[in-house]
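Positions are given from 1, in the same order as the sequence printed here.
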Amino acid sequence: MASMEKEKLLVKGSNPLQSLRLSSGVLTMALVGSWYCSNIGVLLLNKYLLSNYGFRFPIFLTMCHMTACSLFSYVAIAWLKMVPMQPIRSRVQFMKISALSVIFCTSVVNGNISLRYLPVSFNQAVGATTPFFTAVFAYFMIVKRESWLTYLTLVPVVTGVVIASGGEPSFHLYGFIMCILATAARALKSVLQGLLLSSEGEKLNSMNLLLYMAPIAVVLLLPATLLLEPNVLGITIALARQDVKIIYYLLFNSALAYFVNLTNFLVTKHTSPLTLQVLGNAKGAMAVVVSILLFRNPVSIIGMLGYTLTVIGVILYSESKRRRK
């Protein structure tokens, strides 16, 4: 009888721990789901606005994104205290952040330009080559050597994109170049961030870095918009008079752009780097499938085989780096 009472107490005692684990698991799943929805959502909405809807102003669209990121970042950090605010400690640190912001801007603008001309599926295939550019920049800029096996895994990454390019029915050279530049800029920012903000006094978490980079990006994009897209405000107002939904699209799209960064930060915080890499690969594949179903863009077997080969290469590359660590 005493042993039965003891077992009951043990079971009761374990319930809070089980509940905590369950709630933690549910939270992680919710964050991953939010990350997927916001990331794929902003990608598809960008494509719809820039290509299908006819809103051909990628620089202005990027400026809307950065404006939203500036406002939401300040609210999240200064008001909601989601993370502690990390102040800029010197002019040198500010210049480093400004340099990163220029590259960040270039990456996002070029990525949006590419979506005007390329289907999302091919855009994602090219974007998956980020590890290749990261390895190249790391080799030449910070003399970071990887093992021969790690470099070998980059062969299918590049080969896959070459095959996908040859088999892409909607291939557009200018869009392809812009996508390559966007991918290279994304990798360059990653390498430079580790190089420029490496000291303990200068390190910033991704939320604080976005808080400082986004307003700088707006300042850079405003003159670029006025110079390269001078009639955008007049055309947007004219479009809004015909279809007010364009305003809602832009507002929702801009908010999603911030939530991509927020959910990425939270998912990184609640998962391991390996889990994050696997989730990232799955997210890219899901974006491809959803975009094909939604936009009905033609795909070829060769193109899909090329994309699959690139993803396999990325997985092998990540696994090789993990084992080396």
Exercise: identify the closest heavy-atom pair between Ala68 and Ala255: CB-N, 4.3 Å
Hydrophobic cluster mates of Leu316, side-chain heavy atoms under 4.5 angstrom, ILVMFWY only, any path? Ile312
Could you work out, with side-chain hydrogen bond (donor to acceptor under 3.5 Å, both in side chains) as the rule, every residue matching Arg116, not counting sequence neighbours? none
At their closest point, which heavy atom of Phe122 faces which heavy atom of Ser165, and how far apart are they? CZ-OG, 3.4 Å
Any side-chain heavy-atom pair from Met85 and Leu211 closer than 4.5 angstrom? yes
Through direct or indirect side-chain contacts below 4.5 angstrom among Ile, Leu, Val, Met, Phe, Trp and Tyr, which residues connect to Ile301? Leu305
Got a sec, which residues hit salt bridge (charged side-chain N to carboxylate O under 4.0 Å, His left out) with Lys245, two or more places apart in sequence or on another chain? none
Under 6.0 Å between the ring centres of Tyr249 and Phe55? no
I want to check something: taking the side chain as every heavy atom from C-beta on, are Met66 and Phe104 in contact at a cut-off of under 4.5 Å? yes
Plane angle bin for Phe259 and Phe72 - parallel if under 30°, tilted between 30 and 60°, otherwise perpendicular: tilted
Taking the side chain as C-beta and beyond, is there a heavy-atom pair between Val120 and Gln124 under 4.5 Å? yes
Report the relative orientation of the aromatic rings in Phe171 and Phe176; use parallel for angles under 30°, tilted for 30 to 60°, perpendicular for over 60°. tilted
Pairs touching residues 295-314 that satisfy side-chain hydrogen bond (donor to acceptor under 3.5 Å, both in side chains), sequence neighbours left out: Ser121-Asn297
Do you know which two heavy atoms are closest between Val288 and Met304, and how far apart they sit? CG1-CE, 4.0 Å
Spacing of Lys96 atom NZ and Leu197 atom CG [to the nearest 0.5 Å]: 6.5 Å
Which residues share a side chain to side chain contact (heavy atoms under 4.5 Å, CB included) with Met29, sequence neighbours left out: none
Just checking Tyr74: does its OH atom have more than 12 heavy atoms from other residues, nucleotides or ligands closer to it than 6.0 angstrom? no
Passing candidate, side-chain contact (heavy atoms from CB on, under 4.5 Å) with Val109, options Leu181, Leu228, Thr62: Thr62
